[in-house]
Each structure stands twice: as C-alpha cells, then as structure tokens.
Q: 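One structure, as structure tokens, below. Some questions next.
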Amino acid sequence: TGWSRRALSEILTEQIFDEIDAERDAVHSRLLLAMPPERQHLLFRASIIRGSFDRELGIALGEIQPSVTFPGAVFDRLIGPWIEVVQRDRFRVSPLLTGAADKVFGAADRKAIHSCIATSLLERDSLSVLDSGLLMHHALGSGESDLIMGFASGVITCGTDTLDILAPFIADIAHLDMSKPICPGEPALSAMMRLVQLLSFLPSGSAEEAQNCLAAMESERIDVDRRGNLELTVLSKILLHPRSGKLFPNWFDLLVRADNLMIEGNLLGGANEFSAPGEANPPHPCGIFFACQMRNIETVADFHQLVSRLDKEPNERRVRFLSSYRPGRGDISILVNHGWMREGRGPDFDWEAAAKLYAETADIAFSWQNKMLASRCAIAQAICYDENGRDPGRAFRSLEDAERRFGFDIAFVRAKAKVLWRRKDHVAALPLLAAAADQGEHDQIEHAYIAREAGISAAELGKWVEAETWFERAQ
C-alpha cells in the first residue's frame, strides 16, 4: 500500500526493461573477459540468428573471417551455458544475448554474417521449412541480390501444398511495407519479393491483405514485365490455390486475363507443366485453374451464377475453361453437384428453387451444344426432387424428359437406376445398374458405387452368384 499507480507502472514496465538491458550489457562484458576469443566470435555471430537453427549452420559461422579453428568443437562447448537445446539438432542462443550482435559488430560485419547464413542455407540439397524464415531474414539482411532471389525463387516455384506448410514460417514478410519497393533500386527483385509476400497470404491471409498486395504487385511489375511473363506467373500462382476465390471475388476476371495472355501473348510455352507426363489430350492450363476454384461454389445459386458468367464468354474460351472435366478423368458432375453437396443437407435448403436453377443451367449448357454439362445439370435437378423433395416419380419423369430433349447419355441410365434403387425397386434398378457399369466411363470410385448397388439389388432378389460377382467388382 502507499505506492502510486505511476510508480507501480514504472517498476513493472520501463524500469524492469532498463534493468534487463543493463543485465544484458553486463553479460556481454563478462563474456569478453572470461571467454576465449574463438568462442566469443562464434557465439556473437550466432546471436544474430532469430529463432532456432541447426548445428550445421552454427558450424558454418566459423568460416567467417577471422575463422574459427575446429568450429564444431567450439560450438559444442557453447551448448548448455549460452546455446540452448530446443529439440533434436535445433538450438537457439540464450535470450540474454538478444541484440548482442548489433552492439559488437559494425554494419559491414553484420552483413557478412547475414550473407554467410543465407549462403549456407541456400547451398543445401534440401531446406527445412523451419529454416525458411531464417533464410528470408538473413537474405534480406545481407542486401545481396542473388541471395534474395534464391529465397524468392524457392517460394515461387513450390507447389500449393508446400506453400500451405511454408506460409506460417515466413509470416514476417506480411509486415513489409506495400507502399514502397521491398528492394529499393532493384525493381525486378522487388517485384519477385512482392509476389512472395502475395503468396504468403493465400493459405490463411485476409482478403484485404491479399488484394492490397496484388495491387502493389500490379504497379511494381509494370516496369519489368514488358511481355507479360511475370503477370502470367502471378495469375497462375493465384488461380492454382483453391482459397483464392475467397480472397479475390473477381477470380473469374483474373482467369480471363490469364487466358488472354496465353492466347494473345503466345505464352503457352510452360503449359505442359500443369499436365501429367505423357497425358494424351491434356486439359488447357486455364481449365486446371478453373477446376482449382471449384471449392468456392458453396450453393446452387453460386453454380448458376458461374454458368451465367460462362455464357457471356466465347465458346472457345468455355471449352478451355471446362477442359479439366471429362468422363473417366474428372466428371463434370463434380462441378455441377458441389453447391448442392455443400448446402443440400441443411434444414433451410430450398430444393424447389435449386431444381429450377439447375433446369436453367441445363438449358444454358445445351445452348452451347455441351450435352454432357446439360445432362449433368438435369440429373442434379432430379436429385433435388428425389433426395430433398422425396418425390422419386417426379425425379424419374424429369430424367426421361431431359433424355428426350438432350439425347441419350449413359449418365441418365445411372441416374434412373439410382432413383429406382433408393425406392428399393431392385427388379427395375438391376438391369440399369448393369448397363451403367458396363457402358459408362466412370472413375474408380463411381464404378465401385455402381457395382455395390448392383450387388445389393441382386442379393435382394436372391441372385446370390450374381451378387457375389458384383461385390467382387466393387473391390
């Protein structure tokens, strides 16, 4: 009692920090007096490292002039009192040495240490994500273009799955100022680092961050991207990430830009990298980009809006955008049904409205002479009647009507069989399931479902040998 709030505040904040700084300075002084020079050199160099590092990197610091003799032995002697073990082969310098390098070394020496660290990491055959943040920090600290470019290239060329793992470890890049170049005087390098910053937002960043970063990227690349190669790289990396539709509501416009660059700018040279080696008739890269954004279709209305947007494009572009979907490879039913699968099980799902939207998209697709898409939309309409409306008769009639209008498709046979199977009309369902299994171009999962349903129907009808055959085919 009797202490003023101001006094308490000073004790708990400013004063305690002053005391910590004073203790750190005292530690530095004791080190200089009590520690052999080689240990001092290695320890103070290591104190510049943020976070944890491995033994290989600690030893590499001994190569800086003046070099340390037997750096491995010197490093091992520092473990315990000054270098803490974080986990197996991961260490960190004692917090008492935080900021020591800034007080001990001049600017040129600090840059040399940054350069040594970044070079050591880049020369490895493989780099752990645990060291990716280290590489970024020390490459930038070195000020050396080749080291910064080495870091940037590694991030830009990694795949989507790797990027999702990597992003949290380079999260500090989000704090780089978007209002000015990251590397002043080097516009190309700045643009590459801005792209890295943009990519770091894709896995978990906010829409505002991602959009602001893209705007900065657009302005910075103008002076270094005369042919549009960098623009296409930026758009490709965005569109390959499945979360981009959430971050960029105008993702379809970005896709159109990418398509224009590939067609008008003759930038299809690297298109093969998006296809499996040796794949016959591979999908167009823009078809892959389009498919990557499928998860952003959360409702049937979203799908209807997407089809309506496609309807405004030239037919050649529609063909390219839908090129990833084909029987046996990636049936377009996956695209059509995605919105229904996301919202169709909810208690407030308006299945009548959804069925109407599917009917409209079927007509739009048929106007493009895309019978496959039209038939899948009609089947989705029937699913709404059958599974949500509990009206199999209406579903069956809608399928027959669609088949009359759009022409025969084995998918209609499969859909009819499913309606009959769900209402346990196994006598009528079994021959349709058999026809669908034998004639349809299904992926392995769908083929297994058809065979399983056929096996159950055969068993219900007492056809045990036939049922056994179908169950074997379902394996």
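When a residue number appears, it is its place in the shown sequence, counting from 1. These values consider heavy atoms only, across backbone and side chains, with no hydrogens, waters or symmetry-generated copies.
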Q: Answer yes or no: is there a side-chain heavy-atom contact under 4.5 Å between Glu316 and Ile263?
A: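 They are not in side-chain contact.
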Q: For the residue pair Ile173 and Ser200, what are the closest heavy atoms and their distance?
A: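 Shortest heavy-atom contact: CG2-OG, 3.4 Å.
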Q: Side chain of Gln293, backbone of Leu239: donor and acceptor closer than 3.5 Å?
A: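 Yes.
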Q: Under 3.5 Å, is there a donor-acceptor pair between the side chain of Glu209 and the main chain of Ser206?
A: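 Yes.
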Q: Checking Ser244 side chain against Ile238 main chain: does a donor-acceptor pair fall under 3.5 Å?
A: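 It does hold such a pair.
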Q: So, Asn337 side chain and Ser333 main chain: donor-acceptor pair closer than 3.5 Å or not?
A: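 Judged by distance alone, yes, a pair lies under 3.5 Å.
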Q: Flag the pair Arg317 / Leu310 as yes when at least one side-chain heavy-atom distance between them is below 4.5 Å, and no otherwise.
A: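 No, side chains not in contact.
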Q: Evaluate the criterion salt bridge (Lys or Arg N to Asp or Glu O under 4.0 Å) for residue pair Lys371 and Glu403; output intermediate values, then yes/no.
A: CA-CA 10 Å; Lys371 293 183 179 181; Glu403 190 170 11; over 6 Å; no
Q: Locate the shortest heavy-atom distance separating Cys286 from Leu255; write the atom from each residue and the value.
A: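 Of all heavy-atom pairs spanning Cys286 and Leu255, the closest is O-CD1, 3.8 Å.
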Q: State whether the side chain of Asp409 and the backbone N or O of Met372 hold a donor-acceptor pair below 3.5 Å, judged by distance alone.
A: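 Looks like no, no N/O pair under 3.5 Å.
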Q: To the nearest 0.5 angstrom, please state how far the CD atom of Glu343 sits from the CD1 atom of Ile297.
A: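 Taking CD in Glu343 and CD1 in Ile297, the distance rounds to 12.0 Å.
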Q: Over all heavy atoms of both residues, which pair between Ser52 and Val86 is shortest? Give the atoms and the distance, please.
A: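 It is CB-CG2, 4.4 Å.
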Q: If only side-chain N and O atoms count, and only distance matters, is there a donor-acceptor pair under 3.5 Å linking His338 with Asp302?
A: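 Side-chain D/A pair, Asp302 to His338: absent.
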Q: So does Phe105 have more than 12 non-hydrogen atoms from other groups sitting under 6.0 Å from CZ?
A: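 Above 12, so yes.
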Q: When you compare the side chain of Tyr449 with that of Lys418, does any pair of heavy atoms fall below 4.5 Å?
A: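 In short, these two side chains do not touch, never coming nearer than 4.5 Å.
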Q: Test your reading of the model: is there a side-chain donor-acceptor pair from Ser398 to the backbone of Ala395, 3.5 Å cut-off?
A: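 Yes, Ser398 side chain to Ala395 backbone: donor-acceptor pair under 3.5 Å.
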Q: When rounded to the nearest 0.5 angstrom, what is the spacing between CG in Leu134 and NE2 in His137?
A: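 Leu134 CG to His137 NE2: 8.0 Å, rounded to 0.5 Å.
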Q: Quick one: CG on Leu247 to CG on Leu198, what's the gap to the nearest 0.5 Å?
A: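 Going from the CG atom of Leu247 to the CG atom of Leu198 covers 9.0 Å.
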Q: Give a yes-or-no answer on whether the side chains of Gln197 and Arg194 include a donor-acceptor pair shorter than 3.5 Å.
A: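 Indeed, the side chains of Gln197 and Arg194 share at least one donor-acceptor pair under 3.5 Å.
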Q: Quick one: pull up CD in Glu220 and CG in Asp223 and give me the separation to the nearest 0.5 Å.
A: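 One gets 10.0 Å once the value is rounded to the nearest 0.5 Å.
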Q: With a 4.0 Å cut-off on N to O distance, would you call Asp363 and Arg405 a salt bridge?
A: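 Yes, Asp363 and Arg405 are salt-bridged.
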Q: For the residue pair Tyr385 and Trp351, categorise the inter-ring angle as parallel (less than 30°), tilted (30 to 60°) or perpendicular (more than 60°).
A: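 The rings of Tyr385 and Trp351 stand perpendicular, inter-plane angle above 60°.
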Q: Can you measure from CG (Asn315) to CD (Gln369) and round to the nearest 0.5 angstrom?
A: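 Rounded to the nearest 0.5 Å, the CG-CD separation comes to 8.0 Å.
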Q: Mind checking what makes side-chain hydrogen bond (donor to acceptor under 3.5 Å, both in side chains) contact with Ser367, not counting sequence neighbours?
A: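 Ser367 satisfies side-chain hydrogen bond (donor to acceptor under 3.5 Å, both in side chains) with no residue once adjacent residues are dropped.
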Q: For a quick test of reading the model, state the closest non-hydrogen atom pair linking Asp225 to Leu230 and the distance between them.
A: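 Distance-wise, the nearest heavy atoms are OD1-N, 2.8 Å.
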Q: As a quick check of understanding, evaluate side-chain contact (heavy atoms from CB on, under 4.5 Å) for Arg55 and Arg90, giving each step before the final call.
A: CA-CA 7 Å; Arg55 187 173 184 273; Arg90 299 298 299 185; over 6 Å; no
Q: Using every non-hydrogen atom in the two residues, find where Val93 and Ala46 come nearest and quote the distance to one decimal.
A: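 It is CG2-O, 3.5 Å.
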Q: Once ring pair (Phe, Tyr, Trp, His ring centres under 6.0 Å) is applied, do any residues pair with Phe396, and if so which ones, sequence neighbours excluded?
A: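 Applying ring pair (Phe, Tyr, Trp, His ring centres under 6.0 Å) to Phe396 gives none.
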Q: So, does Thr119 use its side chain to make a donor-acceptor pair with the main chain of Cys116 at under 3.5 Å?
A: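 Checked: no pair found.
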Q: Is it the case that the side chain of Ser94 and the backbone of Leu97 share a donor-acceptor pair, with hydrogens and angles ignored and the cut-off at 3.5 Å?
A: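 Looks like no, no N/O pair under 3.5 Å.
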Q: Go through the steps for Ile182 and Leu189 under the test side-chain contact (heavy atoms from CB on, under 4.5 Å), then give the verdict.
A: CA-CA 8 Å; Ile182 295 174; Leu189 190 59; over 6 Å; no
Q: With sequence neighbours excluded, tell me which residues meet salt bridge (charged side-chain N to carboxylate O under 4.0 Å, His left out) with Arg45.
A: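 With sequence neighbours excluded, Arg45 shows a salt bridge (charged side-chain N to carboxylate O under 4.0 Å, His left out) to no residue whatsoever.
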Q: Is there a side-chain contact between Met262 and Arg320 in this structure, where contact means two heavy atoms from C-beta onward sitting under 4.5 Å apart?
A: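 SC-SC contact between Met262 and Arg320 ruled out.
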Q: Report the C-alpha distance between Phe91 and Phe75 in whole Å, list the side-chain angles of each, state the deciding distance to 0.1 Å, and finish with yes or no for ring pair (Phe, Tyr, Trp, His ring centres under 6.0 Å).
A: CA-CA 11 Å; Phe91 308 89; Phe75 182 83; 5.4 Å; yes
Q: Would Arg309 and Asp253 count as a salt bridge (Lys or Arg N to Asp or Glu O under 4.0 Å) here? Give the steps.
A: CA-CA 10 Å; Arg309 181 70 174 82; Asp253 296 325; 2.8 Å; yes
Q: Can you list the residues that meet the salt bridge (charged side-chain N to carboxylate O under 4.0 Å, His left out) rule with Glu298, with sequence neighbours excluded?
A: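 Expected list: Lys246, Arg342.
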Q: Working note: Lys111 + Glu144, criterion salt bridge (Lys or Arg N to Asp or Glu O under 4.0 Å); need CA distance, chi angles, decisive distance, verdict.
A: CA-CA 9 Å; Lys111 281 194 171 185; Glu144 297 182 24; over 6 Å; no
Q: Salt-bridged, Glu313 to Arg318, with N to O below 4.0 Å?
A: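 No.
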Q: Measure across Lys237 and Leu202 and return the closest heavy-atom pair with its distance rounded to 0.1 Å.
A: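 That would be O-CD1, 3.8 Å.
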Q: Can you tell me which residue among Arg88, Arg124, Arg92 is in a salt bridge (charged side-chain N to carboxylate O under 4.0 Å, His left out) with Asp54?
A: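 One option only clears the test, and that one is Arg124.
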Q: Using residues 353-360 as the side-chain source, report each donor-acceptor pair under 3.5 Å to any protein atom, sequence neighbours left out, with the distance given to one decimal.
A:
residue : atom : partner : partner atom : Å
Tyr358  : OH   : Val336  : O            : 2.8
Glu360  : OE1  : His304  : NE2          : 2.7

Q: Say whether, by atom type as modelled, one donor and one acceptor occur between the side chain of Glu231 and the main chain of Arg257 under 3.5 angstrom.
A: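 The answer is no, because no donor-acceptor pair under 3.5 Å joins these two groups.
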Q: If you measure only the distance, is there a donor-acceptor pair under 3.5 Å linking the side chains of Ser145 and Glu186?
A: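 Yes.
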Q: Can you tell me how far apart OG (Ser142) and CD1 (Ile113) are? Round to the nearest 0.5 Å.
A: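 Reported to 0.5 Å precision, the distance equals 12.5 Å.
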Q: Per the ring-ring contact (aromatic ring centres under 6.0 Å, His included) rule, which among Phe289, Phe252, Trp368 passes with Phe321?
A: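 Of all the options given, the one that passes is Phe252.
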Q: Strictly distance-based, threshold 3.5 Å: is any side-chain N or O of Ser190 a donor or acceptor partner for the main-chain N or O of Pro187?
A: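 Side chain of Ser190 to backbone of Pro187: no pair is present.
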Q: Is the shortest side-chain N to carboxylate O distance from Arg414 to Glu453 below 4.0 Å?
A: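 Looking at Glu453 together with Arg414, the answer is yes, because their closest N to O distance falls below 4.0 Å.
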Q: Taking only residues two or more places apart in sequence, or in another chain, which ones meet Phe53 in a ring pair (Phe, Tyr, Trp, His ring centres under 6.0 Å)?
A: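 Partners of Phe53 under the ring pair (Phe, Tyr, Trp, His ring centres under 6.0 Å) test: none.
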Q: Evaluate whether atom CD of Glu208 has more than 12 neighbouring non-hydrogen atoms of other residues, nucleotides or ligands under 6.0 angstrom away.
A: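 No.
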Q: For Phe290 and Leu335, run side-chain contact (heavy atoms from CB on, under 4.5 Å): C-alpha distance rounded to whole Å, both residues' side-chain angles, the deciding distance at 0.1 Å, then the answer.
A: CA-CA 10 Å; Phe290 183 89; Leu335 172 68; 3.9 Å; yes
Q: Could you go step by step and tell me if His114 and Leu147 meet the side-chain contact (heavy atoms from CB on, under 4.5 Å) rule?
A: CA-CA 10 Å; His114 285 305; Leu147 298 179; over 6 Å; no
